[in-house]
2 protein chains.
Amino acid sequence: MVTLNRTREVNETLVKEKEAAFAEFIQRKGLKTTRQRNTIISTFFRLRGHISVEELLNEVKKVNPRIGYATVYRTLHLLVESGLVEERRFGDGLARYEGHSDVEHHDHMICLECGEISEFYNPRLEALQEKLAEENNFEIFRHRLELYGACKDKTACQARKGKKAAKSQGA
Amino acid sequence: MVTLNRTREVNETLVKEKEAAFAEFIQRKGLKTTRQRNTIISTFFRLRGHISVEELLNEVKKVNPRIGYATVYRTLHLLVESGLVEERRFGDGLARYEGHSDVEHHDHMICLECGEISEFYNPRLEALQEKLAEENNFEIFRHRLELYGACKDKTACQARKGKKAAKSQGA
DNA sequence: TGGAATACGAAAACTGTTTTCAATATCGAA
DNA sequence: TTCGATATTGAAAACAGTTTTCGTATTCCA
Ligand SMILES: [Mn+2]
Ligand SMILES: [Mn+2]
Ligand SMILES: [Zn+2]
Ligand SMILES: [Zn+2]
């Protein structure tokens with residue numbers, strides 16, 4: 001099995017664990033616990049997918065409308081530094097963030113028609129990269145692999161596209 | 001053989017071919033041939049590596065100091081549109097451009113110590129990606145694979161780093 | 001060669017992100 | 001508890017890379 005199924009439901013226990021881990025990180029660094037940061041991270045961990053700053057801020061504002069961009073940016077940096085979150089860039093000029101899913105590392109397929117981003121992990125692919133690096137006398141710290149293309153199931157794809165359009169009209 | 005050796009010398013015949021191809025593209029699109037565009041593309045094609053806009057402008061200004069950013073940006077867009085050049089982003093916030101090397105497609109290894117960017121191509125890797133896409137009912141239009149890490153040959157790496165530092169001090 | 005179409009360059013605008021700064025909140029020590 | 005050093009916040013300004021605007025200049029074909 002190669003495709004990772006990001007669960008539709010948020011695992012509340014997992015979220016609590018992440019919140020605790022972040023709290024620990026904050027303390028370890030001698031930083032302070034704040035209402036805003038708590039709101040931001042608990043909102044973030046309850047969202048699924050690859051979240052842009054604007055998307056996150058919009059959600060956060062539903063809880064506390066006074067929170068601004070700066071705090072969201074700053075908190076996301078802390079989340080990344082804590083290792084709980086990764087930054088992604090899929091070429092649309094926006095940074096996107098995702099909490100680690102079940103598998104530590106994964107790569108992405110991005111449909112240019114409907115915007116769907118699916119995740120996959122393949123050990124052979126990973127191993128092959130290691131082998132190539134080795135041959136090149138190179139040590140890999142991290143990598144990124146993105147496949148850009150289109151869903152072959154045009155029906156589902158176009159449906160998603162319609163939904164996405166409707167949603168963005170609403171926003 | 002997996003590593004692509006980007007030749008140190010510029011192949012003058014190849015450059016002429018590319019210049020001709022661009023001229024043809026310009027005509028086909030009903031655009032005009034200009035002194036500035038000629039300067040920019042002939043400068044670009046004679047540079048090796050992954051060139052940023054600023055780097056290119058600096059070189060271009062040696063030939064014609066009156067050429068500005070806007071024209072360089074515009075010409076690079078045309079070069080990309082013509083298919084003669086590809087845009088790359090290696091995560092430092094700058095767009096970089098490269099003329100196609102001998103092989104149509106290649107991927108990159110980026111040393112985070114010395115900045116060296118090396119290129120490679122591996123058919124098995126490409127095939128494996130296709131297979132994974134297939135399994136996922138996905139059609140790949142293009143992909144990007146970047147390995148970030150460090151040269152294992154620390155001597156050469158550090159030497160390059162020193163040289164690079166010296167160079168950027170000079171600039 | 002005239003002139004419509006295109007391109008140029010400087011500067012302004014734009015976009016996503018970071019920084020500044022004055023006001024506010026946190027939290028350990030007293 | 002209260003104090004006060006230290007960290008945090010939010011609005012706005014600054015930033016960096018890129019794109020657009022706009023008045024002037026150039027191209028190129030009828
Ligand atoms: Mn992901
Ligand atoms: Mn390359
Ligand atoms: Zn799709
Ligand atoms: Zn190196």
Side-chain angles (χ1 to χ4, degrees), chain A residues 22-44 50-58 60-82 85-97 168 171, chain B residues 22-44 50-58 60-82 85-97 168 171:
Chain A
F22 185 70
E24 208 227 301
F25 168 81
I26 288 294
Q27 287 210 313
R28 196 170 351 113
K29 286 216 68 178
L31 304 179
K32 290 171 178 171
T33 301
T34 70
R35 204 173 277 298
Q36 291 92 332
R37 292 217 270 240
N38 286 340
T39 300
I40 293 165
I41 70 157
S42 85
T43 302
F44 178 80
H50 303 85
I51 309 297
S52 70
V53 175
E54 190 178 5
E55 282 163 3
L56 179 54
L57 180 63
N58 285 342
V60 160
K61 275 191 181 298
K62 292 179 186 171
V63 181
N64 177 353
R66 310 210 36 209
I67 293 176
Y69 267 107
T71 305
V72 170
Y73 273 108
R74 288 188 280 231
T75 305
L76 282 168
H77 292 328
L78 288 171
L79 282 167
V80 169
E81 196 190 338
S82 77
V85 164
E86 271 188 66
E87 184 180 308
R88 306 280 185 191
R89 283 170 185 277
F90 296 125
D92 59 357
L94 302 183
R96 296 181 172 278
Y97 296 85
S168 64
Chain B
F22 185 70
E24 207 226 301
F25 168 80
I26 289 294
Q27 288 210 313
R28 197 170 350 113
K29 286 214 68 178
L31 305 179
K32 288 172 179 169
T33 302
T34 70
R35 203 172 278 297
Q36 291 91 331
R37 293 217 269 239
N38 286 339
T39 300
I40 292 166
I41 70 157
S42 85
T43 302
F44 177 80
H50 303 85
I51 309 298
S52 71
V53 176
E54 190 179 5
E55 283 164 2
L56 179 54
L57 180 63
N58 286 341
V60 161
K61 274 189 180 301
K62 293 178 185 170
V63 180
N64 177 353
R66 309 209 36 208
I67 294 177
Y69 267 107
T71 305
V72 170
Y73 272 108
R74 289 188 278 230
T75 305
L76 281 168
H77 291 330
L78 289 172
L79 281 168
V80 169
E81 197 190 338
S82 77
V85 164
E86 271 188 67
E87 184 181 309
R88 307 278 184 190
R89 283 171 185 277
F90 296 125
D92 60 357
L94 303 183
R96 296 180 173 278
Y97 297 84
S168 64

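Below, read A as the first sequence line, B as the second, and so on, with proteins coming before strands; counting in each chain starts at 1.
Sorted by residue number, the list of members of residues 34-41 of chain B with any non-hydrogen atom under 4.0 Å from DNA chain D is empty. Residues from residues 67-75 of chain B placing a heavy atom under 4.0 Å of any atom in DNA chain D, listed by number, are B:Ala70, B:Tyr73, B:Arg74.
Going from atom CG of A:Leu94 over to atom P of D:dT18 covers 16 Å, rounded to whole Å. Distance CD (B:Glu87) to C1' (D:dT18): 10 Å, rounded to an integer number of Å.
Inter-residue side-chain proximity for A:Arg89 and B:Arg89 is flagged as unmet; no heavy-atom pair is nearer than 4.5 Å. Side-chain atoms of A:Leu56 and A:Ile40, non-hydrogen and from C-beta on, do get closer than 4.5 Å to each other. Taking the side chain as every heavy atom from C-beta outward, A:Leu79 and A:Tyr97 never approach each other to under 4.5 Å.
Think of the region where chain B sits on DNA chain C: with heavy atoms and a 4.0 Å cut, that region ends 5' and 3' at C:dA5 to C:dA10.
Enclosure of atom CZ in B:Arg35 is not indicated, since only 12 or fewer non-hydrogen atoms of other residues, nucleotides or ligands lie within 6.0 angstrom. Summarising the local packing, CD of A:Glu87 is surrounded by more than 12 heavy atoms from other residues, nucleotides or ligands at distances under 6.0 Å.
Each of B:Ala95 and B:Lys32 was matched to the nucleotide of DNA chain D holding its nearest heavy atom; the match closer to the 5' end belongs to B:Ala95. Taking the nucleotide of DNA chain D with the nearest heavy atom to each of B:Leu31 and B:Glu54, the more 5' of the two is matched to B:Glu54.
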task = Apply side-chain contact (heavy atoms from CB on, under 4.5 Å) to the pair B:Leu31 and B:Leu78, showing each step before the final yes or no.
result = CA-CA 10 Å; B:Leu31 305 179; B:Leu78 289 172; 3.9 Å; yes
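A:Lys32 approaches A:Arg37 most closely through the heavy-atom pair O-NH2, 2.8 Å.
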